[in-house]
Amino acid sequence: MPRGSVSIVVERCKACGFCVEFCPTKVLALSSAFNSKGYHPPHAVAPEKCSGCDLCGMYCPDFAIYGYRNDKNAPKEDEADAR
Amino acid sequence: MSSVAIPQNPVEPFLRSERMPHIWCPGCGIGTTVNCFTRALLDSKADLTKLAIVSGIGCTGRVAGYTNLDSFHTTHGRAIPFATGLKLANPELNVVVYSGDGDLFAIGGNHLIHAARRNVNLKVICVNNLIYAMTGGQTAPTTPGDVITSTAPYGTYDPAFNLPYLVEAAGAVYVARWTTFHVRQLAKSMAEMFQKKGFGFIEVLSPCPTLYQRRNKMGDGLDAMKFYKQVSKIKHGAPTSEVALSKSGEIVVGKFVDRERPEYIGTMNTYLEQQLGERYVEPHTLSDDGGCSGGELEVISCNR
Amino acid sequence: MHADPQGVLTGAHFLDGDHAACEGAIAAGARFAAGYPITPSTEVVERFAMRAPTVGGTFIQMEDELAASITIQGAVWGGVKAFTVTSGPGFSLMMEHIGYAAMTETPCVFINVQRGGPSTGLPTLPAQADMMQVRWGSHGDYEIIALCPNSPQECFDLTIKAFNFSEQYRVPVFVMLDEVVGHMTEKVIIPPAEEIEIEPRHFTKKAPKDFRLYEPEANQVPDMVKAGDGYNIHVTGLTHDQRGYPDMTPPMQDVLVKRLQSKILDNADKICLFEKENVEGADVVVVSYGITSRVAQRAVDQAREKGVKVGKLRLITAWPFPERVISEIAPTIKGFVVPELNLGQMVREVERCAGGKTRTVRVSHAGGTVHNPESILNAILEVAR
Amino acid sequence: MQSLNEIRVAGFGGQGVILSAIVIGKAASIVEGNFATMTQNFGPEARGGACSAQVILSNSPVLYPYVTHPDVLVVMSQEAYLRFAPELKPGGILLIEQDLVRIKGLSPAETRVYGIPATRIAEQIGKRMVLNVVMTGFFGAITGLISREALRKAVEDSVPSSFRELNLKAFDSGYDYGLQHLESGALEASEFEEVTVRE
């Protein structure tokens, strides 16, 4: 089981690509599917790499994606600052 | 992960979710700043019941309407005086002003400098997309030189404000600048500002792909984010006189000012109490039945 | 509800209209004022600045009238009764926020001590030339209430009334002084607090989950809350639904704007205050308000001495305009005489409500001083002929 | 009440013209229980400009608030004299600050004129500022429109407590001066000195 997962609300997504670009472990890619507004929402292409850091959630301007840790009790490590 | 309940997006409780999706364009950074804002509120463990958010008019002016707090969408440029009244009438409220660069620094510029001068305990978050976006991309007081806007079809030559420099000079106790690329730093900075007493100000540079960038062939929102990543330099404590922005030059980010000055309401109460002694009655709001709370009969001369 | 004794300076005082209006505001429960200095209104806030810290109130001098007129609205949503004070040029700057108060149903009071205009005009001299501006100055359709005192005593009484109306109907209310009334000093009797009726703010009794900020109650007026009480309200100047959420559609506009109008107009009979004297059997009725009503009284007395049957209608409420009383009188007389310190404002309303059933004669005056009573007398004699 | 019920007080800004009128109005309306309406005219200058105030006294509510032909004119400057003296009612009373006002071409001729060196008296008492209260005392004695006690009470109520004694002394001085000169009757214009510059 990976350390983290992402949850995606595809209908809110406007495909800005922020989450894909700035995911530190490159979990995401925009899918070829459309949502009802015609945008390509992201999907997890490498879910096993997800750390649950929620940087995608911090970046997403449309509140359409967020990451979380699978083990809530795992010690929280300092997230590397996005640089 | 099948049986484990999926936790909620941390931003969700802060949103009026029935109003989603919001009106902001694809690649606009305002929503990103809202994420940082909510993380900062979570971190600072603020009592959300006692938190009010006030916006002016414009794209960022819509933030108030999307946040599930006591929220006020006021008139163009006047978020700060509205917030001043709200705070003075009810000092236990934490009042955040969330608005855009045009709203806060052009039509509302006078109010901003005076609130900073008074050091009213307001937390001002200015999303700076360098342009009037909601009205269609006109020149703002923040638009850098040599930029095409709808009202500067041959390019801009009006000098732009250096916001941190202006706000520091006016008297703010906390001044920082970040971009929407710096999400963690921004959230941390907001939380830090909320802990401070007095007039705090954070400028957040944010993409405007639809109006600012498209007209200037600067790509989309993601290109702006990559640009921020590439040219930003964190310089905490940088002299604000040296952090002016240009069209394609370095973006100095960081916390520039963190100082102490007497905050307005406290100063007012202390001073009046000192002047009036026992005659001084601290301001109070209406009681639940809608009346003034009772007090002792005031006996003073009413002569002019 | 009675006034809070803490703010009430019971007794007989020799006060000018500006100071009396300030005492009225305090007696009505106002505990917040924001202002920007402008002649001839400044004395109101000067007095409030002196009085506020001793009654649990706050005064803040803002950077301009735009700020003052919205700061008070922030204060109202913070949970106090609040007012601002201004005159001509400052009043012009406040126009946008009159619309905001009307649209967001923010109960607040504006005291306008009218001076001569346009522009900087006559800073220290009287006029009654903002009477249309107060009604129509902000953009869009809306209703307000405007009251016109003609003495310092009425400055006190009507400012209380203004606050009461503002809470009752959740509407901005205007006390329209003029420089003469504002600076005229007379005896003002301030009654004991228990004799002063105060309209409390109508805070909702509903729990947050059941409450909608703009759901009208039986009288078409929604209940209030204040920030920080857990209701997570949203207030906007945009056209909004009952939750306060923007809903910029023609049907919502129709519902909202019509209610903003009807909550006032349907209650016009309760809001329209006037003084009627010797109107029955009169040939001429002089319609006046504010300081002009006192000047007109001299002309009316002189006309009566000459045997003219002349009645008097003094408008205490200017807006909503007392249409009914005018239209009832119109068919019974030879004509209305309407003196005012402007070149013809409220006279148009009189003419409209007279509906062609009688003459309407204006006695206009560009302002700077009051009418010569002779000019009003001549108009009365002319109409009576 | 009285036949002489319209009063104008005039001088230049800073002399306390308005306060003088307030004291008169307050004494009549609040202390004696009649009606009084005080209005004022002032220019844009904070100090030194022409300044006048009018008081109408009556035993019924006052309607028309303006004075066009006062029964009593109190003047404390030459400018005010020149401007307002012609408006005085025939047979009216003119009270002047005699060091600052030079009577000439007085009309109507039957005016009764009384003068007082109010500024000098005020200076002797200790503060030039109280000349208006000296003038008010003088007004009370000459006109007899309002009782001495009522005026005195109004002075007491209208000045800051730290200046109360000084102002009451000024009032009494003006009043007593008035009583003495009332006995000797109104003055002829020729009895006044010309205005000269004083150190």
Side-chain angles (χ1 to χ4, degrees), chain A residues 1-24 28 30 34-42 44 47-48 50 52-74 76-83, chain B residues 1-17 19-40 66 127 178-188 206-207 209 219-226 228-230 232-234 253:
Chain A
M1 189 170 168
R3 287 175 58 216
S5 301
V6 288
S7 174
I8 300 166
V9 185
V10 293
E11 284 306 319
R12 281 186 183 174
C13 177
K14 293 176 188 162
C16 66
F18 293 4
C19 56
V20 174
E21 175 72 21
F22 299 118
C23 173
L28 301 162
L30 293 184
F34 289 111
N35 67 12
S36 64
K37 294 254 172 71
Y39 296 115
H40 294 290
E48 70 286 354
C50 182
C53 72
D54 190 34
L55 207 55
C56 53
M58 293 284 280
Y59 276 113
C60 179
D62 297 292
F63 319 120
I65 187 171
Y66 62 102
Y68 56 93
R69 294 189 199 288
N70 289 328
D71 179 3
K72 270 191 295 190
N73 300 321
K76 210 175 177 184
E77 54 192 271
D78 280 340
E79 269 97 26
D81 280 348
R83 293 269 150 87
Chain B
M1 65 186 232
S2 51
S3 62
V4 184
I6 298 174
Q8 199 185 24
N9 187 340
V11 79
E12 215 62 45
F14 294 90
L15 298 177
R16 298 187 190 271
S17 41
R19 297 204 63 213
M20 295 295 125
H22 55 59
I23 62 160
W24 298 314
C25 302
C28 167
I30 297 172
T32 303
T33 72
V34 172
N35 288 324
C36 300
F37 175 58
T38 60
R39 292 337 185 259
Y66 293 132
V127 178
W178 299 102
T179 77
T180 46
F181 169 71
H182 301 89
V183 284
R184 296 232 191 265
Q185 294 94 327
L186 175 58
K188 208 175 127 201
S206 168
D220 61 10
L222 185 55
D223 291 318
M225 294 289 274
K226 290 174 181 168
Y228 295 156
K229 181 177 177 180
Q230 188 193 330
S232 293
K233 278 243 168 64
I234 299 180
V253 296

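The sequence lines fix the lettering, A, B, ..., with proteins before strands; numbering per chain opens at 1.
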Please determine, among B:I30, B:D220, B:L15, B:T180, the option with the most heavy-atom pairs under 4.5 Å with chain A.
-> B:L15

Got a donor-acceptor contact below 3.5 angstrom from the B:H22 side chain to the A:F63 backbone?
-> no

Closest heavy-atom contact between A:I65 and B:N9?
-> O-ND2, 3.9 Å

Which heavy-atom pair separates A:C53 from B:R184 by the least distance, and what is that distance?
-> O-NH2, 2.9 Å

Main-chain N/O of B:C28 paired with A:K14 side-chain donor or acceptor, under 3.5 Å | no

Identify the two heavy atoms, one from B:G27 and one from A:F18, that lie closest to each other, and give their separation to 0.1 Å.
-> O-CZ, 3.6 Å

Does B:W24 reach the side chain of A:P61, with side-chain heavy atoms less than 4.5 Å apart?
-> no

Are A:D54 and B:R39 close enough that some pair of their side-chain heavy atoms sits under 4.5 Å apart?
-> yes

Taking the side chain from A:Y66 and the backbone from B:P7, do they hold a donor-acceptor pair closer than 3.5 Å?
-> yes

Proximal component of B:M225, with respect to chain A [non-hydrogen, under 4.5 Å] = both

Region of B:L222 that comes under 4.5 Å of a non-hydrogen atom in chain A | both

Given side chains that start at C-beta, do those of A:R12 and B:S17 come closer than 4.5 Å, heavy atoms only?
-> yes

Answer key: most heavy-atom pairs under 4.5 Å with chain B among A:A15, A:S7, A:C60, A:C13 is A:C60

Taking A:Y59 for its side chain and B:T32 for its backbone only, find out whether a donor-acceptor pair lies under 3.5 Å.
-> no

Any donor-acceptor N/O pair, B:N35 side chain to A:G57 backbone, under 3.5 Å = yes

Considering only heavy atoms, which portion of B:E12 lies under 4.5 Å from any heavy atom of chain A: side chain, backbone, both, or neither?
-> side chain

